Amino acid sequence: MRKIVIIGFGSAGYAALMAAKRKHPSAEITVVDPKDHDLMHPCGLPYSLEGLLAPDSLFQDIQLNKMNVRKIKGKALKIDPVKKELLVDGESGELTVPWDSVVIAPGSRPLLPPVPGIMESVGKGLYPLTTVEELRAIESRLRTAKRAVVIGAGAIGLEAAAALCHRGLDVRLIDMRDQVLPGVMDDDMAKTVQDYLEGKGIVFMPGAPAGEILHDGDFRGVRSGDTIIETDLGILAAGFVPATEIAEQSGLEYGRSGIAVNNAMLSSAADVYAAGDCAAGWSVIDGKPFAAKLATGAYRQGLVAGANAAGDEQIWQGTTGTFVTRIGDLEIAGTGFTREEAARRGFDPVAGKIKTGILPHYFPGNTEIAIKILCDRSTGKILGAQALGHRGAAERINLVGMAIEFGLSVEELGRVETAYCPAVSEVVDPLHKALEFLKRRMRK
């Protein structure tokens, strides 16, 4: 009987389990994970902080025992690719687990920037927002806190800032770069998001790196340059680092972007696969490294790794980096490269951007959407897109993401027929309006 071990049980680990079960139903599968519950859904943490759902609703138990899956609560320490054994630090001490194939999927850990005072402040008023335990500590702090600072203006930072603002706090959002959502939105689209946040009362401080974390046994604030931000609560959203410790201990190839894998998600050791945030990925557009660490991408990688660990021969083509977030009532979505990233990779990007209504002008309840699509000028190959609106951003970006996945051009995506009803959409969908404008820009 084939023995499969899955290290870590998030999006990638869960997908690996499902794929392995489908390919090899009789396989003996062991999951190694330190959580009390089978699954925890971290993407819901900021929305729980906002008060939209209870913290406990983020836990999920899928009754692994009824699936004939053994779960070991503990931490995987080292893989021996020769003996095909895994050393685990379990609840009752160290134990050895034999395997025929392994899927490494422990995810990532919060980045703690090398800033004076940070180690003394984490957990004492300054918190990453990555676990329910951290969420509860933040909730406890909110009983007396009136001011908050969020370090990092990526998606999690924006979601946390909006949640704290909704809870009535005076919120400062800082980032060392000069825009929100750096690396995933062009500056003009990011400016619209910034204006929305500031309209809600959130103060964004661009180009403001955290130079020192102020503390006196408890978190007191942040120094950025000559500016001191005194506050009662801090959220650390400066990014994540791939969890590659087990690769280091096991002699596997890895780097800053994660564990090295091929398109079968196979690591440098035979029968050892890696998937999710711990694994290095690449763009489906040009096959070059692309640091898009998203739950959806992790799930797709996990499906390939799990199936192959069970004896299949599946391939992962790369990621489109398709994402969406909701800040208040603003939906923000994107896929592929920004204009700056596309140029850096050697393309000649041209963009088409429109702002229009979702519904016909005569229909009540209309809202606006902004869509920006990028392509390579010479080939027309779609390189990326971004959308902002109160609704409809994700559904259109998903279409562009599909086009990127299959290498479609502007002309080819423009042939897609979209559904129409005046209560739902325009006859000429906003996506097609953006594509038509892009085609005119290409001819200039």
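Only a predicted model underlies this, so the values are computations on that prediction, with no experimental measurement involved. Side chains included, hydrogens not; waters and symmetry mates left out as well; all remaining heavy atoms used.
In terms of modelled atom types and a separation under 3.5 Å, the side chain of Asp38 and the main chain of Gln60 share no donor-acceptor contact. Counting only distance, with no hydrogens or angles, the side chain of Ser224 and the backbone of Thr227 share no donor-acceptor pair below 3.5 Å. A donor-acceptor contact shorter than 3.5 Å links the side chain of Thr231 to the backbone of Arg147. Judged by distance alone, with hydrogens and angles left aside, the side-chain atoms of Lys293 form a donor-acceptor pair with the main-chain N or O of Ala279 at under 3.5 Å. With hydrogens and angles ignored, the 3.5 Å screen pairs a side-chain donor or acceptor of Arg2 with a backbone N or O of Ala309. A donor-acceptor pair is defined here as one N or O able to donate and one able to accept, closer than 3.5 Å; such a pair exists between the side chain of Arg141 and the backbone of Asp232. Of the possible polar contacts, one joining the Asp80 side chain to the Val82 backbone as a donor-acceptor pair under 3.5 Å is found. Listed for the Thr96 side chain is no donor-acceptor partner under 3.5 Å among the backbone atoms of Glu85. Side-chain atoms of Ser48 come within 3.5 Å of backbone N or O of Leu53 as a donor-acceptor pair. Put simply, the side chain of Glu331 gets close to the backbone of Ala393: a donor and an acceptor are under 3.5 Å apart.
The shortest heavy-atom contact between Trp282 and Asn262 is CH2-O, 3.5 Å. Closest approach of Gly10 and Leu39 over heavy atoms only: O-CD2, 4.2 Å. A pairwise comparison of heavy atoms in Ala155 and Leu181 identifies N-CD2, 3.6 Å as the closest pair. When all heavy atoms are compared, the tightest approach of Lys35 to Phe9 is NZ-O, 3.1 Å.
Looking only at side-chain heavy atoms (C-beta outward), Phe290 and Val284 stay at 4.5 Å or farther from each other. Within the 4.5 Å cutoff, side-chain heavy atoms of Ile382 are placed close to those of Val410. In this structure, Ile104 and Val272 have side chains that are in contact, with non-hydrogen atoms separated by less than 4.5 Å. Side-chain contact between Arg345 and Ile285: absent, with no pair of heavy atoms (C-beta onward) separated by less than 4.5 Å. In this structure, the side chains of Val193 and Phe204 stay at 4.5 Å or more apart for every pair of heavy atoms. Counting only heavy atoms from C-beta outward, the side chains of Ile213 and Glu120 never approach each other to under 4.5 Å. Asp348 has its side chain out of reach of Val350: every pair of non-hydrogen atoms, C-beta onward, lies at least 4.5 Å apart.
To the nearest 0.5 angstrom, Leu173 atom CG is 10.5 Å from Leu164 atom CG. Between Met185 atom CE and Glu340 atom CD the span is 14.0 Å, to the nearest 0.5 Å.
When the shell of 6.0 Å around CZ of Arg339 is examined, it contains more than 12 heavy atoms from other residues, nucleotides or ligands. Met176 CE: 12 or fewer foreign heavy atoms inside a 6.0 Å radius. Open room surrounds CG on Asn68; 12 or fewer heavy atoms of other groups in view lie less than 6.0 Å from it. The environment of NZ in Lys78 is sparse: at most 12 heavy-atom neighbours from other residues, nucleotides or ligands sit within 6.0 Å. Applying the 6.0 Å contact sphere to CE of Met67 captures more than 12 heavy atoms from other residues, nucleotides or ligands. Crowding of Lys124 atom NZ: a count of heavy atoms from other residues, nucleotides or ligands under 6.0 Å not exceeding 12.
Remark: Lys200 pairs with no residue by the salt bridge (charged side-chain N to carboxylate O under 4.0 Å, His left out) rule, at least two apart or across chains. Evaluation of the side-chain hydrogen bond (donor to acceptor under 3.5 Å, both in side chains) rule for Tyr196 yields Asp329 as partners, not counting sequence neighbours.
Using cut-offs of 30° and 60° on the angle between ring planes, the pair Tyr14 and Tyr299 is tilted. Taking the six-membered ring where the residue is Trp, Phe337 and Phe347 present tilted rings, their angle falling between 30° and 60°.
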Report task. Evaluate the criterion side chain to side chain donor-acceptor pair (under 3.5 Å) for residue pair Asp429 and Thr418; output intermediate values, then yes/no. Result -> CA-CA 7 Å; Asp429 190 84; Thr418 54; 4.6 Å; no

Please set out all donor-acceptor pairs under 3.5 angstrom arising from side-chain atoms of residues 235-257, sequence neighbours excluded.
{"from": "Glu245", "atom 1": "OE2", "to": "Arg109", "atom 2": "NE", "distance (Å)": "2.9"}
{"from": "Ser250", "atom 1": "OG", "to": "Ile79", "atom 2": "N", "distance (Å)": "2.7"}
{"from": "Ser250", "atom 1": "OG", "to": "Ile246", "atom 2": "O", "distance (Å)": "2.7"}

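No option in Lys191, Lys372, Gln179, Lys353 other than Lys372 meets the side chain to side chain donor-acceptor pair (under 3.5 Å) test with Asp186.
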